Amino acid sequence: MADPFDLSGLEPPTESAPSAGPKAAPAYLSRLNEAQRAAVEATEGPLLVLAGAGTGKTRVLTTRLAHILRLRLAWPSQILAVTFTNRAAREMQSRVAALIGEAVDGLWLGTFHSNGVRILRRHAELVGLRPSFTILDVDDQLRLMKQVLGAANIDEKRWPARALAAQIDRWKDRGLAPGRVGTAQAGDFADGRAVALYAAYQERLRTLNAADFGDLLLHCLTIFTDNPDVLSDYQQRFKYILVDEYQDTNVSQYLWLRLLAQGHKNLCCVGDDDQSIYGWRGAEVGNILRFEKDFPGASVIRLERNYRSTPNILGTASGLIAHNEGRLGKTLWTEGEDGQKVTIHGVWDGEEEARVVGEEIESLQRQGHALAEMAILVRAGFQTREFEDRFLTLGIPHRVIGGVGFYERREIRDAIAYLRVIHQDDDDLAFERIVNVPKRGIGQATVKTLHELARAQGISLLAAAHALVGTDELRPQSRGALRGLLDCFDRWRTAAADLPLADVIELVLEESGYTEMLQNDRAPDSPGRLDNLKELVAAAEELETLTAFLEHVSLIMDNDRAAGGDAVNLVTLHSAKGLEFDSVFLPGWEEGLFPHQRALDEGGAKALEEERRLAYVGITRARQRIRISYAASRRLFTGWQSNIPSRFVDELPAKHVENVSEPGLYGAQGVGLEDSGAEFIVQRPAFGPRRGRYARHAASNGFDAEAHTGQHPTQAKPSGSYTRGMRIFHQKFGYGRIVAVEDNRLEIAFDKAGTKKVIDSFVAPA
DNA sequence: TAGGGAATATTTTTT
DNA sequence: ATATTCCCTA
């Protein structure tokens with residue numbers, strides 16, 4: 001390789017940038033076509049690269065990054081490169097390393113969220129957090145949401161926590177802190193009380209020293225807006241900013257970028273409006289359409305030559321996407337043999353679909369095709385199941401990319417919760433998760449007591465537990481168990497300071513009784529869970545500190561270790577973006593499933609176009625061959641559902657496709673459904689909104705944010721105001737007289753209940 | 001407090 | 001079909 005750039009790990013010596021040295025045109029540039037090369041070389045000023053599927057977008061991005069380093073226009077630490085997924089970030093990292101000849105350290109290369117956390121950790125105190133804040137996962141978020149709803153006395157049946165969480169996420173997507181939500185956007189959740197709930201939720205997060213995913217960016221925005229000096233630092237720092245998948249950015253990400261780019265204005269965004277598939281998550285295609293307006297003087301470069309797919313495949317994709325309106329419009333072209341036509345297969349049911357796909361895969365394999373070059377792309381996660389079952393019986397190796405992630409499994413989350421408490425003892429959500437897992441006799445009554453005390457004194461659950469074990473407040477049995485647990489945590493915390501992380505985890509699993517619990521569990525999946533825990537320990541060996549490990553867990557939720565031998569890939573269409581395979585199977589092309597009924601119901605025409613783009617993404621993943629299929633009927637929960645072929649099937653250009661459906665199903669064109677007889681219960685999509693039926697139960701529960709956020713409403717007296725001899729009243733034990741005071745612990749001789757030790761906030765002056 | 005059994009929801013898509 | 005939640009009893 002040419003000149004190793006020797007930039008690794010260098011920090012800029014304050015102001016002076018590395019000087020651009022004259023160099024011969026490097027070899028990597030000659031491997032690009034004209035448009036690609038232009039996109040790489042236009043390093044200065046705002047640039048939008050409209051890159052169709054398979055046009056070498058990633059290559060441009062990585063080459064550009066390497067080029068900037070090569071010309072010494074900036075140090076690695078002055079380059080911000082943002083991707084959408086961790087996978088893309090890793091890929092970019094390794095490809096840049098390949099171009100440069102060695103690993104490049106110090107780049108700000110990662111997802112929006114990981115770059116966001118990095119900034120947020122440095123300035124956490126500016127938004128009322130400590131730098132060690134916890135990143136909540138979806139479970140925690142929901143649990144917290146339920147608590148907030150509970151505190152506000154809102155009927156969770158009628159206003160599900162999920163719905164509130166979704167609403168809040170959407171606000172955060174748009175960069176709206178609670179104070180910024182206008183009445184127009186207040187939504188109708190709980191009769192308009194959602195904003196107050198949002199505020200309460202944020203307040204709870206702050207007390208817990210925690211942030212949810214949306215906060216990672218939202219807090220950055222707040223910091224930038226409120227602290228011009230901080231913002232200015234970053235604006236100076238980031239000489240070059242590169243953004244992948246720009247069409248999928250939401251408002252909050254857009255604002256984040258725009259603020260950061262104001263310094264040097266060297267912002268390069270790569271995207272494809274036809275691949276915008278995250279509208280439901282707040283992504284705004286508008287961002288890409290508006291780029292030239294937002295960044296005056298921006299250049300636009302189009303990449304239209306496709307290097308991936310055969311003309312038949314590309315023609316199919318183009319023909320389909322042409323049904324969308326409001327596109328920027330690109331004309332993709334490719335060279336080479338037409339290749340096979342895209343085949344369309346109608347089948348009887350999902351089982352047959354899986355069987356036939358399985359046969360085809362085996363046949364391809366016999367012809368010498370690698371399994372890893374085949375993928376089944378599904379609309380919804382549950383669709384992988386039928387294929388998994390089938391492959392299991394056929395013995396076809398396969399992997400599910402982006403399914404139920406490793407870190408989302410229950411046993412892993414439990415283990416993590418233990419670690420979180422060790423790491424940060426006021427992580428109430430983690431503590432609550434594991435106080436009684438495995439069962440140790442600490443039931444909800446005990447937890448409730450802990451909560452009361454914690455809230456009354458504004459302390460953490462763990463602190464409340466510490467306080468309570470010294471009293472008679474709890475049942476002796478519970479108290480003993482709790483004390484045991486607290487001792488364990490003390491011990492583990494010490495251990496965590498000395499032992500390697502992996503050893504700590506093993507110790508915790510052992511001493512907490514978690515391993516034992518699983519060993520005694522007769523459930524068929526217990527051995528698997530134990531294996532998973534072993535894997536967790538193994539994963540921990542790769543990271544130094546508990547802090548790093550927990551961060552890894554919360555941000556790198558993907559388990560798509562794309563490696564792992566020769567296996568068929570099972571992927572959702574959403575997580576397939578950015579991947580490519582020789583052979584692609586697209587099952588489940590039925591109305592209601594794809595396009596998905598729920599998308600149609602909630603998003604109307606706009607959502608239909610997004611579904612179509614999803615189909616476009618699916619088709620353009622393939623290099624050589626595509627097999628699309630639809631089933632006449634599908635198992636749904638307990639019953640069956642009859643389906644008609646997706647409208648997308650009809651939209652495929654006849655020239656490039658071939659319908660090889662079995663005769664007698666729907667007929668070759670995919671028209672009219674033959675009534676299939678009595679054994680089928682025709683069930684219209686069961687996914688419709690189900691809110692309406694509670695409509696009249698519209699009680700008004702005057703929710704008052706203060707009642708929840710203002711700390712300790714009615715609690716007795718501040719610590720220290722009780723003295724010996726005072727008469728008091730206790731909820732459970734009745735009247736009594738204080739015989740001793742020790743900090744906030746009172747020893748009380750009760751009239752009826754004898755002498756007990758009690759925390760002062762549980763009593764009131766008589 | 002735990003465990004059983006009934007009732008109930010679950011299936012979009014993800015950082 | 002399966003997972004979660006709720007309610008009851010021991």
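Since the structure is predicted, the reported quantities are computational estimates derived from the model, not experimental observations. Letters A, B, ... are given to chains in the order of the sequence lines, protein chains preceding strands, and every chain is numbered from 1.
Contact annotation for A:Phe594: no contact, since no heavy-atom pair falls under 4.0 Å across all strands. Residue A:Phe112 is classed as having no contact, given no heavy-atom separation below 4.0 Å to the nucleic acid. Among the heavy atoms of the strands lying under 4.0 Å from A:Gly381 are primed sugar atoms or P, OP1, OP2 only; no base atom is included. Contact annotation for A:Arg475: backbone-only contact, meaning every heavy-atom pair under 4.0 Å involves sugar-phosphate atoms and none involves a base. Using a 4.0 Å heavy-atom cutoff across all strands shown, A:Gln477 reaches no nucleic acid atom at all.
Remark on DNA chain B: of its neighbouring residues A:Ala599 and A:Ser114, the 5'-side contact belongs to A:Ala599, judged by nearest-heavy-atom nucleotide. For A:Thr572 and A:Arg162, each mapped to the nucleotide of DNA chain B holding its nearest heavy atom, the one lying further toward the 5' end belongs to A:Arg162.
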With 3.5 Å as the limit, what N/O pairs link the protein to nucleotides 8-10 of chain C?
none

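The CD1-P distance, from A:Ile277 to B:dT13, rounds to 12 Å in whole Å. Computed from coordinates, the A:Arg410 CZ to C:dA3 C1' distance equals 10 Å when rounded to whole Å. Rounded to whole Å, atom P of B:dT15 lies 17 Å from atom CH2 of A:Trp256. The CE atom of A:Met517 sits 13 Å away from the P atom of B:dA2 (whole-angstrom rounding). Distance A:Asn520 CG to B:dA2 C1': 16 Å, rounded to the nearest Å. If you measure from atom CD of A:Gln383 to atom P of B:dT10, you get 19 Å, rounded to the nearest angstrom. Note: CG (A:Leu614) to P (B:dT13) measures 11 Å, nearest angstrom. Atom CG in A:Leu450 sits roughly 10 Å away from atom P in B:dT1 (whole-Å rounding).
Minimum atom distance to the side chain of A:Phe382 is reached by B:dT11, of the listed B:dA2, B:dT11, C:dT2. The side chain of A:Arg281 lies closest to B:dT15 when the candidates are B:dT15, B:dT13, B:dT1. If you check B:dT15, B:dT1, B:dG3 against the side chain of A:Ala445, the one that comes closest is B:dT1.
Applying the 3.5 Å distance criterion, the base of B:dT13 shares a donor-acceptor pair with the side chain of A:Arg379.
Residue A:Asn436 has a polar side-chain atom (N or O) positioned under 4.0 Å from OP1 or OP2 of B:dA2. The phosphate of C:dT5 (OP1 or OP2) has a side-chain N or O of A:Lys146 nearer than 4.0 angstrom. Within the structure, every side-chain polar atom (N or O) of A:Thr85 is placed at least 4.0 Å from both OP1 and OP2 of B:dT14. Checking the phosphate oxygens (OP1, OP2) of B:dT14, a side-chain nitrogen or oxygen of A:Ser575 falls inside 4.0 Å.
Separating the OH atom in A:Tyr630 from the CG atom in A:Leu593 is a distance of 14.5 Å, to the nearest 0.5 Å. A:Leu221 CG to A:Lys172 NZ: the interatomic distance, rounded to the nearest 0.5 Å, is 12.0 Å.
Taking the six-membered ring where the residue is Trp, the centroids of A:His219 and A:Phe133 are separated by 6.0 Å or more.
Remark: A:Asp173 does not engage A:Arg170 in a salt bridge, criterion side-chain N to carboxylate O under 4.0 Å. Between A:Asp140 and A:Arg420 there is a salt bridge, with a side-chain nitrogen of the basic residue lying less than 4.0 Å from a carboxylate oxygen of the acidic one. A salt bridge links A:Arg433 with A:Asp139: the closest approach of a Lys/Arg side-chain nitrogen to an acidic carboxylate oxygen falls below 4.0 angstrom.
A:Arg634 places a side-chain heavy atom less than 4.5 Å from the side chain of A:Glu386. Between A:Glu551 and A:Arg121, some side-chain heavy-atom pair lies under the 4.5 Å cut-off.
Stacking between A:Trp280 and B:dT13 is present: the aromatic ring centre lies within less than 5.5 angstrom of the base six-membered ring centre, and the two planes differ by under 30 degrees.
In this structure A:His574 satisfies the ring pair (Phe, Tyr, Trp, His ring centres under 6.0 Å) test together with A:Tyr278, A:Trp280, sequence neighbours excluded.
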